[in-house]
> 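Here's a structure for you.
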Number of protein chains: 2
Amino acid sequence: MELRTLRYFVAVADELHFGRAAARLHMSQPPLSRAIKQLETEVGAALFDRSPAGVALTPVGAVLLDEARALLDQADRLRVRVAAAAGTAVITVGFLGDTADPGATRLADAYRRLHPQVEVRIRETDLTDPTCGLHAGLVDVALTRGPFDETGLTVRELRADPVGALVRADDPLAGRDSVKLADLADRRWFLFPEGTDPVWQSYWNGGAPREGPVVRAVQECRQAVLWNGTVGMTLLDHEQADGLAVVPLIDMPPSRVVVAWNEGDTNPLIRSFVRTAIAAYQDGAPTSGAA
Amino acid sequence: MELRTLRYFVAVADELHFGRAAARLHMSQPPLSRAIKQLETEVGAALFDRSPAGVALTPVGAVLLDEARALLDQADRLRVRVAAAAGTAVITVGFLGDTADPGATRLADAYRRLHPQVEVRIRETDLTDPTCGLHAGLVDVALTRGPFDETGLTVRELRADPVGALVRADDPLAGRDSVKLADLADRRWFLFPEGTDPVWQSYWNGGAPREGPVVRAVQECRQAVLWNGTVGMTLLDHEQADGLAVVPLIDMPPSRVVVAWNEGDTNPLIRSFVRTAIAAYQDGAPTSGAA
DNA sequence: GCCGCCGATACCGTACGGGTATCGTCGCAC
DNA sequence: GTGCGACGATACCCGTACGGTATCGGCGGC
């Protein structure tokens, strides 16, 4: 009954699927099956019902899941506290500039309250790197907005914001209840500045390369929209500027505020940050800011 | 940072001596040294000061010790709760008949309150086996009185009771403030019934084989003492019977009430029982009963 | 009925944990 | 001052157990 085994168990209990759990644990499925079987032998009871229909927790498994989660959490806290005592408790958090919102504020407050001895370093980035330096190892964890290249990263969604078309108030679309991407097909679009992450650009351009006036930053779209017929996209609840309108885009996937870290990074400060982030974004009304 | 490693660390922190800690862990010293060194690497700080004068905890080590103890305790509770859910939470406790005292009552109460789902089975034994069946595997843990053959057992002392000489009230020794074993050298001693544990007999006979009237059970010494000049030993605070006196024996090691279990038995129910026992005997006045 | 999904089984190689032997260092005793 | 003993560190060996690949078995769906 080692912590490693319990982490395996929790992964399977979360996924209710041995293959996916193994992938999440960066291992292959057979050793995972074996480890769970050994755990069941040790406990003296089955933890999962393996039916052809799928995997389900037994009552004993449910008890173990509760206890194991609590134990693993405490193990994380142990590591944080010891790291704090050793003076090595440092976490570098990357923020995408415009993600600053009440959720982020609550997150920062809650995290500093939870781990007062932890030194939190902030690194703010622009659209050239929505991962805020995760791939380059410049930060431990990133609070940012998708989409971006997620290879090698683990990503947890904190919030999904619906997206709307940003047009001039006198645009024919401005009065509509909703629009589709096809309605914008023949328009000129705002582009992103040189160096903007291609995945990000592709998303905010409706999935296709576009032509249009280049704007220096997302926030300046409002000036650029003075060109008649030019469109962009923005968050649906974006605060309105004079002369502009936002119309819901019903066939765009929502924009996701996420927390991300390098896959396989077991730093408990990160895990604690992620848990805190999820909690901070669960309560409180969302506000925002993006293109 | 697995539980095994933390158990190693706690053992070293308890003993402040790598060799003794290794012995307690039933392993040799080199792998233990290596494991601690790996843990220090993982933590990123020294946990012990190895000075020629001895081993001492560093401040970081002290923090880890607190946290590790708490985590290991919680891990034990996890195992107990899961065992209870699985219906395999059974513990067999051996009692030496005359050990029944307020401490044992408090222990039983506290343990049942702590683990209501655990099935506690009682096995009461006589002096033929002060280990109450531990060596034979008949019980998981024994609440008994030493001394006995401790090979293969782990023993924790709960209480140490001073011992006195039991003589007739009209015996010359009865008026003394204290006696030594030498004062009893030429007396006839009460023997123990056939089959009584030899280690036990040796202790209660002052370390030497004795001759004397055979008594059926320890409690009946009081009848037997009617023979003039015959002596026995008993607990100093033993309730007095008419016509008898107890005189403190100042060169006898005290009689120890102990809890014992088979070395290497990692059953968390046992560990919890032991912790409960130590707590139960720490508060409350001792009373007793033995020869 | 065949294929595909998914967990179990079989088998293999390696890495790590635990063993013995020995060393280095310091304190102490004579 | 020298020799010895205590104790943790180091070196090296070995077995086990963990993680990998390949494959099986069983059930469900197209």
Side-chain angles (χ1 to χ4, degrees), chain A residues 1-58 60-62 64-65 68 72 75 263-266, chain B residues 1-58 60-61 64-65 68 72 75 152 263-266:
Chain A
M1 176 94 57
E2 289 299 310
L3 294 178
R4 183 179 51 85
T5 317
L6 292 178
R7 289 195 193 96
Y8 289 0
F9 168 74
V10 170
V12 176
D14 280 347
E15 301 286 344
L16 290 178
H17 187 290
F18 280 74
R20 280 196 299 274
R24 180 168 138 184
L25 294 164
H26 310 112
M27 64 191 292
S28 60
Q29 168 259 320
L32 179 59
S33 286
R34 193 178 50 195
I36 298 295
K37 173 169 286 192
Q38 283 169 353
L39 182 60
E40 288 177 317
T41 303
E42 190 180 342
V43 166
L47 299 170
F48 294 105
D49 281 328
R50 285 92 152 167
S51 82
V55 174
L57 271 177
T58 63
V60 177
L64 180 58
L65 181 59
L72 293 174
E263 210 171 83
D265 194 334
T266 60
Chain B
M1 178 96 55
E2 289 299 311
L3 294 178
R4 182 178 51 84
T5 316
L6 293 178
R7 288 193 194 96
Y8 289 1
F9 167 74
V10 170
V12 176
D14 280 348
E15 301 287 342
L16 290 178
H17 188 291
F18 280 75
R20 281 196 298 273
R24 179 167 139 184
L25 294 165
H26 311 112
M27 64 191 291
S28 59
Q29 169 258 322
L32 179 59
S33 286
R34 194 178 51 195
I36 298 295
K37 173 170 286 193
Q38 283 169 352
L39 182 60
E40 288 178 317
T41 303
E42 189 180 343
V43 167
L47 299 171
F48 295 104
D49 281 327
R50 286 92 154 168
S51 82
V55 175
L57 271 176
T58 63
V60 177
L64 180 59
L65 181 59
L72 293 174
E263 210 171 84
D265 194 334
T266 61

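A, B, ... follow the sequence lines: proteins, then strands. Residue 1 opens every chain.
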> Is B/Arg50 near enough to D/dA9 that one of its side-chain N or O atoms lies under 4.0 angstrom from OP1 or OP2?
yes
> For the pair made of OH in A/Tyr8 and C1' in D/dC18, what is the distance, rounded to whole Å?
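Computing the A/Tyr8:OH to D/dC18:C1' distance gives 8 Å.
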> Contacts to DNA chain C from residues 11-33 of chain A, heavy-atom cutoff under 4.0 Å, which residues?
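Residues of residues 11-33 of chain A under 4.0 Å from DNA chain C: A/His17, A/Phe18, A/Gly19, A/Gln29, A/Pro30, A/Ser33.
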> Counting only pairs under 3.5 Å, give me each side-chain donor-acceptor contact of residues 26-38 of chain B, with atom names and distances, residues two or more places apart or in other chains.
| residue | atom | partner | partner atom | Å |
| --- | --- | --- | --- | --- |
| B/His26 | NE2 | B/Glu263 | OE1 | 3.1 |
| B/Gln29 | NE2 | B/Ser33 | OG | 3.0 |

> In B/S/- notation, 5' to 3', how is nucleotides 25-30 of chain D contacted by protein heavy atoms closer than 4.0 Å?
--S---
> Do the side chains of B/Leu65 and B/Leu47 get nearer than 4.5 Å, heavy atoms only?
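The answer is no; the side chains never approach within 4.5 Å.
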> Run the ring-ring contact (aromatic ring centres under 6.0 Å, His included) test against B/Phe9 and tell me which residues pass, sequence neighbours left out.
B/Phe48
> May I ask you to say what A/Glu2 touches in the nucleic acid, namely base, sugar-phosphate or nothing, with a heavy-atom cut-off under 4.0 Å?
nothing
> Rounded to whole Å, please give me the gap between CG in A/Leu39 and P in D/dC18.
12 Å
> Please, which pairs that meet salt bridge (Lys or Arg N to Asp or Glu O under 4.0 Å) have at least one residue in residues 41-54 of chain A, sequence neighbours excluded?
A/Glu40-A/Arg50
> A/Arg24: which residues meet the salt bridge (Lys or Arg N to Asp or Glu O under 4.0 Å) condition with it, sequence neighbours left out?
A/Asp14, A/Glu15
> Please enumerate all residues that pass side chain to side chain contact (heavy atoms under 4.5 Å, CB included) together with A/Ser51, with sequence neighbours excluded.
A/Ala53
> So which atom in B/Ala56 and which in B/Leu16 form the shortest heavy-atom distance, rounded to 0.1 Å?
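Shortest heavy-atom contact: CA-CD2, 4.2 Å.
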> How would you list, by chain and number, every residue that makes a salt bridge (Lys or Arg N to Asp or Glu O under 4.0 Å) with A/Arg7, sequence neighbours excluded?
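Once residues adjacent in sequence are excluded, the partners of A/Arg7 under the salt bridge (Lys or Arg N to Asp or Glu O under 4.0 Å) criterion are B/Glu2.
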> When the axes are fitted on five pairs at both termini, how much does the helix from C/dG1-D/dC30 to C/dC30-D/dG1 curve, in 10° steps?
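If I round to tens, the end axes sit 10° apart.
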> Check B/Val60 against B/Ala46 and note the closest heavy-atom contact, atom names and distance.
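Heavy-atom minimum between the residues: CB-O, 4.1 Å.
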> Would you say that A/Met1 contacts A/Leu6 through its side chain, given a criterion of any heavy-atom pair below 4.5 Å between the two side chains?
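When only atoms from C-beta onward are counted, A/Leu6 and A/Met1 do touch, with a gap below 4.5 Å.
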> What's the spacing between B/Leu25 CG and B/Arg4 CZ if we round to 0.5 Å?
10.5 Å
> Identify the 5'-most and 3'-most nucleotides of DNA chain C with at least one atom closer than 4.0 Å to a non-hydrogen atom of chain B.
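Range of nucleotides touched by chain B: C/dG17 to C/dC26.
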